[in-house]
Amino acid sequence: MKKKWATLTRGIIRENPVLVLVLGTCPTLATSTQASNAIGMGLAATVVLVCSNIAISALRNIIPDKVRIPCYIVLIAGFVTVVQMIVEAYSPALNKALGIYLPLIVVNCIILGRAEMFASKNSVGDSALDGIGMGLGFTLTLLVMSSIREILGSGTWFGMPIPVLADNNISILRMAPGGFFVFGCLIALVNKITKKKGSGNAETTGCAGCPAARACGKLSTEGGCTNE
């Protein structure tokens, strides 16, 4: 039970796909100007991530190793198509706001990365939990970024005007430079939170000191670097 809980929650902070693994940066920056758009993108990506993780895990012993990446992309593309059709049918405004970034979930590094690093090596149940956790981490990151940029940059939140800020906003936060600034600040904050005490010790240098080492497979279960 403890292991499953760890699998579910590690994507929120410790192995956050955006702020720690630095994946899915393009849609994160592009869709985080408004909180409503961020929620839509996060939920769409989460649904695709969970469904693709489950499918790939269930078929991991059937898919030939030489063509696994094309097979993963085909499966992911199928789920993205279904999600896009649902969004287009029930929320045309959101579909228009997300634009090209909704179909581009097919090549989102978070989804393909979890398929390759986790779903293809673990059970269906664990893969589903991993998808939920990583999707939740992605959605929360988008929500935090978009809230900061929308509140300070537009003076609104979910489209609702905020007194004082509505007439005194920082317009650059709605632009690309503002997105990179907020993104960098959040990465620094997460690094500060996840940084271990005594980072100058040998145990926390190299791969062992990197919060993404275990996710990329270079850190063994004993804590040592597999390249050493």
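- In this structure a side-chain-to-backbone donor-acceptor pair under 3.5 Å is missing from Thr7 to Asp126.
- Once rounded to the nearest 0.5 Å, the distance linking CG of Leu189 with CG of Leu19 reads 8.5 Å.
- Contacts classified as side-chain hydrogen bond (donor to acceptor under 3.5 Å, both in side chains) and involving residues 79-104 (residues at least two apart or in different chains) are not found.
- Smallest separation of non-hydrogen atoms from Ser57 and Ser123: OG-C, 3.0 Å.
- In this structure the side chain of Leu49 reaches within 4.5 angstrom of the side chain of Met134, judged on heavy atoms.
- Residues Ile100 and Ile86 do not share a hydrophobic cluster, clusters being chains of Ile/Leu/Val/Met/Phe/Trp/Tyr side chains in contact below 4.5 Å.
- With 3.5 Å as the limit, one finds a donor-acceptor pair spanning the side chains of Thr156 and Glu150.
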Applying side-chain contact (heavy atoms from CB on, under 4.5 Å), run through Leu21 and Arg114 and close with a yes or a no. CA-CA 11 Å; Leu21 305 182; Arg114 298 319 295 176; 4.2 Å; yes

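- Between Ile105 and Ala45 the shortest heavy-atom distance is CD1-N, 4.0 Å.
- For Thr31, there are no side chain to side chain donor-acceptor pair (under 3.5 Å) partners, not counting sequence neighbours.
- The line from SG of Cys71 to CD1 of Ile76 is 11.0 Å long, rounded to the nearest 0.5 Å.
- The hydrophobic cluster containing Trp5 also includes Leu8, Val50, Ile54, Val124, Leu129, Ile132, under a criterion of side-chain heavy atoms closer than 4.5 Å among ILVMFWY residues, counted directly or through chains of members.
- Here the side chains of Ile12 and Leu140 are in contact, with some heavy-atom distance below 4.5 Å.
- In the hydrophobic clustering of this structure, Val106 groups with Ile69; members are Ile, Leu, Val, Met, Phe, Trp, Tyr whose side-chain heavy atoms approach within less than 4.5 Å, directly or through other members.
- Between Thr28 and Leu142, the shortest heavy-atom contact is CA-CD2, 3.5 Å.
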Are Met41 and Phe138 close enough, and set up right, to give a side-chain contact (heavy atoms from CB on, under 4.5 Å), and what steps lead you there? CA-CA 9 Å; Met41 171 58 74; Phe138 179 57; 4.3 Å; yes

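- Taking the side chain as every heavy atom from C-beta outward, Pro27 and Asn108 approach each other to under 4.5 Å.
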What's the verdict on side-chain contact (heavy atoms from CB on, under 4.5 Å) for Leu75 and Leu59, showing C-alpha distance, side-chain angles and the deciding distance? CA-CA 11 Å; Leu75 285 169; Leu59 299 172; 4.2 Å; yes

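- Using modelled atom types, one side-chain atom of Lys121 and one backbone atom of Glu116 make a donor-acceptor pair closer than 3.5 Å.
- Pro70 is not listed as a side-chain neighbour of Ile73, based on a closest heavy-atom distance of 4.5 Å or more.
- With hydrogens and angles ignored, the 3.5 Å screen pairs a side-chain donor or acceptor of Arg60 with a backbone N or O of Asn122.
- Ser120 contributes a side-chain N or O that, together with a main-chain N or O of Ala115, makes up a donor-acceptor pair within less than 3.5 Å.
- With respect to Val18, the side chain to side chain contact (heavy atoms under 4.5 Å, CB included) criterion is satisfied by exactly one of Ile110, Thr25, Leu29: Ile110.
- In terms of hydrophobic clustering, with Ile, Leu, Val, Met, Phe, Trp and Tyr side chains grouped at heavy-atom distances under 4.5 Å, Val83 and Val74 are assigned to different clusters.
- Side-chain contact between Ile63 and Tyr72: present, with at least one pair of heavy atoms (C-beta onward) separated by less than 4.5 Å.
- Contact of the Leu94 side chain with the Asn37 side chain is registered, since non-hydrogen atoms from C-beta on lie closer than 4.5 Å.
- Applying the side-chain hydrogen bond (donor to acceptor under 3.5 Å, both in side chains) test to every pair with at least one member in residues 40-53, sequence neighbours left out, gives these pairs: Thr46-Thr139, Asn53-Asp130.
- Heavy atoms only, all atoms of each residue included: Ser146 and Ala38 are closest at OG-CB, 3.3 Å.
- Clustering ILVMFWY residues whenever any of their side-chain heavy atoms sit less than 4.5 angstrom apart, transitively, puts Leu98 in the very cluster that holds Val107.
- The shortest distance between side-chain heavy atoms of Val20 and Arg14 does not fall below 4.5 Å.
- Residues Ile111 and Met85 fall into different hydrophobic clusters, defined by Ile, Leu, Val, Met, Phe, Trp and Tyr side chains chained together at heavy-atom separations under 4.5 Å.
- Qualifying side chain to side chain donor-acceptor pair (under 3.5 Å) partners for Trp157, counting only residues two or more places apart in sequence or in other chains: Ser147.
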Run the side-chain donor-acceptor check on residues 159-183: report pairs under 3.5 Å with partners two or more places apart or on a different chain.
from	atom 1	to	atom 2	distance (Å)
Asn168	ND2	Val164	O	2.8
Asn169	ND2	Ala166	O	3.3
Arg174	NH1	Gly153	O	2.4

Would you sort out whether Arg149 and Thr33 count as a side-chain hydrogen bond (donor to acceptor under 3.5 Å, both in side chains), showing the intermediate values? CA-CA 6 Å; Arg149 296 180 67 187; Thr33 54; 5.9 Å; no

